[in-house]
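Here the structure comes first, spelled out in structure tokens, and everything after it is commentary.
So you know, we letter chains A, B, ... as the sequences are listed, proteins then strands, and number each from 1. What you see is a predicted model, and the numbers here were worked out from it, not measured in a lab.
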Amino acid sequence: MDPYDAQAIEAKWQEIWERERAFEVSNDPVQPKSYVLEQLPYPSGTLHMGHMLVYTIGDVVARFRRRNGMHVIHPMGWDSFGLPAENAAIRGGDPPRVSVERNIESIRASMKRIGWSYDWTRELSTHDPDYIRWQQWQFLRFFERGLAYRKPAPVKWCPVDQTVLANEQVTAEGRCERCGTLVETRLMEQWFFRITDYAQELLDDLDRVDYPDSIAGRQRNWIGRSEGAEIDFRIEELDEDVPVFTTRPDTLFGATFLVLAPEHELVTRIADRSDRAGEIHEYVRRAATKKTEERAAGEDKTGIDTGLHAVNPVNDERLPVFIADYVLTDYGTGAIMAVPAHDTRDFEFAQAYELPIRQVVRSRDGEVDESQAYTEHTDDEVLVNSGAFDGLPAPEGGRKIVERLAAEGRGKFTINFRIRDWGFSRQRYWGCPIPVVYCERDGIVGVDDADLPILLPEIEDYRPKGQPPLAQATEWVNTTCPRCGGPARRETETMDTFVDSSWYFLRYCDPRNEEEPFSSEVVNYWNPVDLYLGGTDHATMHMIYARFWIKVLNDLGCVDFREPFDAFFANGWVTLGNLKMSKRAGNIVGPDVFVERYGADACRLNIMFLGPADQDMEWTEASVEGMARFIRRLWRVVHEVAEAEPSTDGGAELARKVNETIAKATDDIGRRFAFNTAIAAVMELVNELSRDTAGPDSRFAAETAVSLIYPYAPHVAEELWERLGQEGRLYQAPWPAVDEAALERETFELVVQVNGKLRDRFEVPVDLPEDELVARAKASPKVQAFVDGQQIRRAIVVPRKLVNLVV
RNA sequence: GCCGGGGUGGCGAAAUUGGUCAUACGCGCCUGACUUAAAAUCAGGUGUCCCGCAAGGGGCGUGAGGGUUCGACUCCCUCCCCCGGCACCA
């Protein structure tokens, strides 16, 4: 037996797999198919243990499914646009394209060294010209349908640098990262996708996909559906209606003031009519410079009385109108009816500004609290101080109130979503250009399909200077209008990288198509993705955007499905010192050094054995050594078996163990995604095999152990498979099947309990009738000692397991 | 505040439908073998308390407290702690 040499074996098999094109897959519509997809990486410096985890899980599943007869597509690519590469360039590094392509080279080499079984012929980068081309093509279809549009929206603006800032360029203190100036919020025209049109469907379809509860819950929360009513309050002095959204129309009689967000469209006109115009403008200006975090913390409520009045449509009461920044402009209607008796925020504000507090619901058996207090909401409330609605249960009362207002045209039932349209324009360089021009005559005009792709021009300076960096490229910017031929300027903003990641899995299916983004036929064959794998950090934005994108493509007739991912598996974080590995924590550990020291197989086994893959796991180097030890042990035991002269006599114990292990390892990958216990089961088998490597079933046990460990440690498994004299490659070998007959037992170990406590166990034949089991249990001397002459009141028999005597 | 996950040996963890002395598998540690020695490897041990020279036997033990059950890590109730997400969302 030669010693185990991980480096040599892994190089050998990687070369063989590549030569034999083991993991390349055709688009022939063979069934069953399986699309195993991992979230594509951003090509920053090197791989880290988080990548190691998610890509190894995907690889284990892909290798397992191939050997179970599935036509498996398992692709990889690069999310290569985005801020880090651009920021590196600004700090004096290489241009984004150069650094990104260098990183891709190096990460690809690391991935190949780990032996992940990708079909590299399908590799793509989101900054590839043809990827840009077909993304722009799709954008134009969205644009034509009005699903991409421009509107003013708040952006972070540095008044000194005269530039828009990305959120991560604003410090925790709300200052510009570069110059330290307090950042302001400015309204600027931005591009949006109309994702809100799909809010209800995005919510409903969560019931049709198999996501973990936590992920589905987060998406539901993000979409944020709430049922309520919109009620019109008339502002007396302006003779203008202000709609407010409320989920508690039952408390309408308790409204004692009205509050508008500082950004509300009526604020200017209100200021004009108010004798406090100066103060109002000052308040609004201050609210705009307040950083969102501070505003959200909401430690003390501030606001300003406009002096104007709003009329409550339910009782014609005149209420003071306030402007206060605890009301958000982008939720509901940007205006609220304030019910301080039943809303904590309104209550705080009412206390601060000495406004009346009127209780209008009380619990059914409670009293009305006269102390101007806040009343906790309960499930069992009736209306009080609410005119004709007094005494009604709160939900019914609320309904009746809205019905009456609706009849008068002053209100309606409505559903409000928290999700907002997806702002996808970025005032940055390193992204996919938005293919439109601005024409003085025709306005915003989409570029002709024939002129795609619109590629990024080379520029000198990547810093935004009042304008997005692309504005410097004047030759590129100045163009002609595709419609009228007159002078026009190109859009200088680029797309959010979440656009890139909304359809990459479609392009993988048909990556070299030069006629269209993808062939619908091919995409419809491979999709939806059968198993999507990734971290929880993309549970909301990326996944919701991709789901939206697919729904639109379905509406456009490009794909015949409406959900991109049938199932999602969320892997846990890899932690070090109980902190999530991250650049910020400075505790990143990469696989490369361990692969070099212990081999890829040991590292793959280690990350899968560390703990349940969907939970956080603490990285320890000691455990990699343990896995290397296990591989050497496997190596030795298998060689002993290969060299032994098997005896013919011996029990069926080992054969049963082998079959039990097949059953467990198969269920653990196929159904439970419990990779750690599957590996443990194979270890148990190897331990048992090591006690007798020359038994009648030892060879069968060795072959099976090697076969079952293959998804985790494929290189050494292939090598040992070959050394056991097996025909063909393990990657093509069918996954072992359980021999049910071998699992059959003639006897089983009967557990005897007295009052639920185990007192004895012994082998009995499986076909013994229940009364005989009980008789044998009673006959046991150990059991008798505990029964101790007491009367046995009951005997519980669990077939094939135990007898419990109750005394 | 709301949503989700978790709490089991010295450590990572297992127990899949309530049913095998709970702790598989691995790490660490202890003892022994091999060695001049160490590493590596191999063999054995390793929850806790008590009785016993020993073989052996018994009690207690899955964050805390209650409950259901013949039987609870598993189900129910109350509570504590840790991690993640969302959050002035009306």
Side-chain angles (χ1 to χ4, degrees), chain A residues 3 212-218 220-222 224-226 228 244-248 251 259 261 295-299 301 324-328 330-339 342-346 348-349 416-419 536-537 539-540 570 572-573 575 578-580 605-606 609-612 614-627 629-630 632-633 636 664 667-668 671-672 674 676-684 686-687 690 748-761 782 785 793-807:
Chain A
D213 290 348
S214 59
I215 303 301
R218 277 160 72 167
R220 283 195 187 92
N221 187 33
W222 187 269
R225 181 185 198 270
S226 50
V244 305
F245 175 73
T246 179
T247 54
R248 296 288 309 279
T251 63
V259 191
R295 199 169 148 175
E299 266 131 31
K301 300 266 178 298
D325 65 5
Y326 82 91
V327 173
L328 307 176
D330 45 18
Y331 185 78
T333 63
I336 62 157
M337 63 177 211
V339 185
H342 304 293
D343 181 283
T344 50
R345 298 148 304 183
D346 298 344
E348 280 173 40
F349 191 84
N416 194 57
F417 289 95
R418 200 178 58 170
I419 192 171
T536 52
D537 44 350
T540 46
W573 296 111
T575 61
N578 277 318
L579 291 171
K580 174 186 156 191
L605 272 170
N606 179 63
F609 186 68
L610 226 39
D614 59 348
Q615 282 171 37
D616 293 355
M617 54 183 84
E618 175 77 4
W619 168 258
T620 59
E621 183 170 347
S623 60
V624 196
E625 283 190 35
M627 291 304 109
R629 199 176 303 160
F630 166 66
R632 286 196 296 270
R633 183 173 163 79
R636 197 190 70 236
K664 171 132 185 82
D667 189 45
D668 278 354
R671 181 180 63 89
R672 298 177 69 214
N676 54 330
T677 53
I679 294 168
V682 177
M683 286 173 168
E684 277 188 62
V686 173
N687 288 346
S690 72
F748 73 96
E749 191 173 44
L750 178 70
V751 169
V752 184
Q753 299 177 330
V754 178
N755 287 342
K757 282 194 189 293
L758 183 136
R759 295 307 180 186
D760 198 10
R761 34 203 255 162
K782 286 185 188 171
R793 298 209 319 256
R794 252 176 97 182
I796 284 130
V797 180
V798 180
R800 290 246 195 168
K801 287 214 168 99
L802 58 79
V803 171
N804 185 14
L805 303 172
V806 185
V807 302

Expressed in whole Å, how much space separates the C1' atoms belonging to B:C29 and B:C11?
11 Å

Give A:Arg633 one of three labels, base, sugar-phosphate or nothing, depending on what nucleic acid heavy atoms sit under 4.0 Å from its own.
sugar-phosphate

Could you tell me if the side chain of A:Phe630 sits less than 4.5 Å from the side chain of A:Asn606, heavy atoms only?
no

Separation of A:Met627 atom CE from B:G12 atom C1', in whole Å?
10 Å

Can you tell me which nucleotide in B:G59, B:G19, B:G4 comes closest to the side chain of A:Arg759?
B:G59

Looking at the side chain of A:Asp668, which of B:A14, B:A90, B:U16 is the nearest nucleotide?
B:U16

In whole angstrom, what separates A:Asp346's CG from B:C88's P?
15 Å

Rounded to whole Å, CG of A:Leu328 lies from P of B:A90 at a distance of 10 Å

Glycosidic torsion of B:G9 (syn if within 90° of 0, anti otherwise) classifies it as syn

Taking B:A14, B:C25, B:G19 as options, the one with an atom nearest any side-chain atom of A:Leu802 is B:G19

Kindly say whether, by distance alone, the side chain of A:Gln753 makes a donor-acceptor pair under 3.5 Å with the base of B:G19?
yes

Whole-Å gap separating C1' (B:G84) and CG (A:Asp614):
13 Å

Taking the side chain as every heavy atom from C-beta outward, state whether A:Thr246 and A:Met337 have any pair of such atoms under 4.5 Å apart.
yes

Is any N or O donor-acceptor pair between the side chain of A:Arg671 and the base of B:U16 shorter than 3.5 Å?
yes

Sort out the partner of B:U48 for me: Watson-Crick or G-U wobble, both distances under 3.5 Å, none otherwise.
B:G59

A:Arg672 vs A:Thr677, test: side-chain contact (heavy atoms from CB on, under 4.5 Å). Steps then yes/no.
CA-CA 10 Å; A:Arg672 298 177 69 214; A:Thr677 53; 3.9 Å; yes

Below 4.0 angstrom from OP1 or OP2 of B:A15, is there any side-chain N or O of A:Arg672?
yes

A:Arg418 side chain N/O closer than 4.0 Å to the phosphate oxygens (OP1, OP2) of B:C86?
no

Determine whether A:Lys782 and A:Arg761 make a side-chain contact, defined as any pair of heavy atoms from C-beta on separated by less than 4.5 Å.
no

Say we look at B:G84 and B:C70: how far apart would their P atoms be, to the nearest angstrom?
43 Å

If the C1' atom of B:C34 is compared with that of B:C42, how far apart are they to the nearest Å?
8 Å

Checking A:Asn755 against A:Val806 for the side-chain contact (heavy atoms from CB on, under 4.5 Å) test, could you report, in this order, the C-alpha distance in whole Å, the side-chain angles of both residues, the deciding distance, and whether it holds?
CA-CA 5 Å; A:Asn755 287 342; A:Val806 185; 3.8 Å; yes

Roughly how many Å apart are B:C82 and B:A33, using the C1' atom of each and rounding to a whole number?
45 Å

Can you tell me how far C1' of B:A87 sits from CZ of A:Arg218, to the nearest Å?
14 Å

Rounded off to whole Å, could you give me the CD1-to-P distance for the A:Ile215 and B:G5 pair?
11 Å

NA contact type, A:Ser623, heavy-atom cut-off 4.0 Å: base, sugar-phosphate, or nothing?
nothing

Among the nucleotides B:G12, B:U20, B:G19, which one has an atom lying closest to any side-chain atom of A:Phe609?
B:G12

From the options B:C42, B:C83, B:U16, select the nucleotide whose nearest atom is closest to the side chain of A:Asp616.
B:C83

Per A:Asn676 side chain, nearest of listed nucleotides B:G19, B:A13, B:A90
B:A13

According to the Watson-Crick and G-U wobble definitions, with both distances under 3.5 Å, which nucleotide is paired to B:U23?
none

Counting side-chain heavy atoms from CB outward, which of B:G19, B:U16, B:C21 is closest to A:Asn804?
B:G19

Quantified in whole Å, what is the C1' atom distance between nucleotide B:G19 and nucleotide B:G12?
28 Å

What interatomic distance, in whole Å, is found between C1' of B:G28 and the corresponding atom of B:A13?
14 Å

A:Ile679 CD1 to B:G12 C1', straight-line distance once rounded to whole Å
13 Å

Measuring only between side-chain heavy atoms, which start at C-beta, is A:Ile336 closer than 4.5 Å to A:Tyr331?
no

Quick one: look up who B:C42 pairs with, Watson-Crick or G-U, both distances under 3.5 Å, and put none if it's unpaired.
B:G32

I want to verify a distance call: between B:G19, B:A90, B:C25, whose nearest atom is closest to the A:Thr247 side chain?
B:A90

Base, sugar-phosphate, or nothing for A:Gly332, non-hydrogen atoms under 4.0 angstrom?
nothing

Would you please test A:Arg794 and A:Asn804 for side chain to side chain donor-acceptor pair (under 3.5 Å) and show each step?
CA-CA 8 Å; A:Arg794 252 176 97 182; A:Asn804 185 14; over 6 Å; no

Look at the side chain of A:Lys301 against the base of B:C88 and say whether a donor-acceptor pair falls under 3.5 Å; ignore hydrogens and angles.
yes

Counting any heavy atom closer than 4.0 Å, what does A:Pro612 reach on the DNA or RNA strands: base, sugar-phosphate only, or nothing?
sugar-phosphate

On the nucleotide B:G12, are OP1 or OP2 found under 4.0 Å from the side-chain N or O atoms that A:Asn606 carries?
no

On RNA chain B, check which nucleotide each of A:Met617 and A:Gly756 is closest to and give me the residue with the more 5' one.
A:Met617

The side chain of A:Lys664 is closest to which nucleotide in this list: B:A13, B:U16, B:C25?
B:U16

Using a 4.0 Å heavy-atom cut-off across all strands, classify A:Val751 as base, sugar-phosphate, or nothing.
base

Does A:Asn221 contact B:C86 through a side-chain donor or acceptor facing the base, at a distance under 3.5 Å?
no

Between A:Tyr326 and A:Lys301, is there a cation-pi geometry (under 6.0 Å to ring centre, at most 45° from the normal)?
yes

B:A72 versus B:C49 - spacing of their P atoms, nearest Å
25 Å

Given the C1' atoms of B:U23 and B:U62, what is the spacing between them in whole Å?
9 Å

Under a 3.5 Å limit for both distances, which nucleotide forms a Watson-Crick or G-U wobble pair with B:A87, could you say?
none

Calculate the interatomic distance between A:Arg629 atom CZ and B:G26 atom P; express it in whole Å.
10 Å

From the set B:C42, B:A90, B:U16, return the single nucleotide nearest to any side-chain atom of A:Arg636.
B:C42

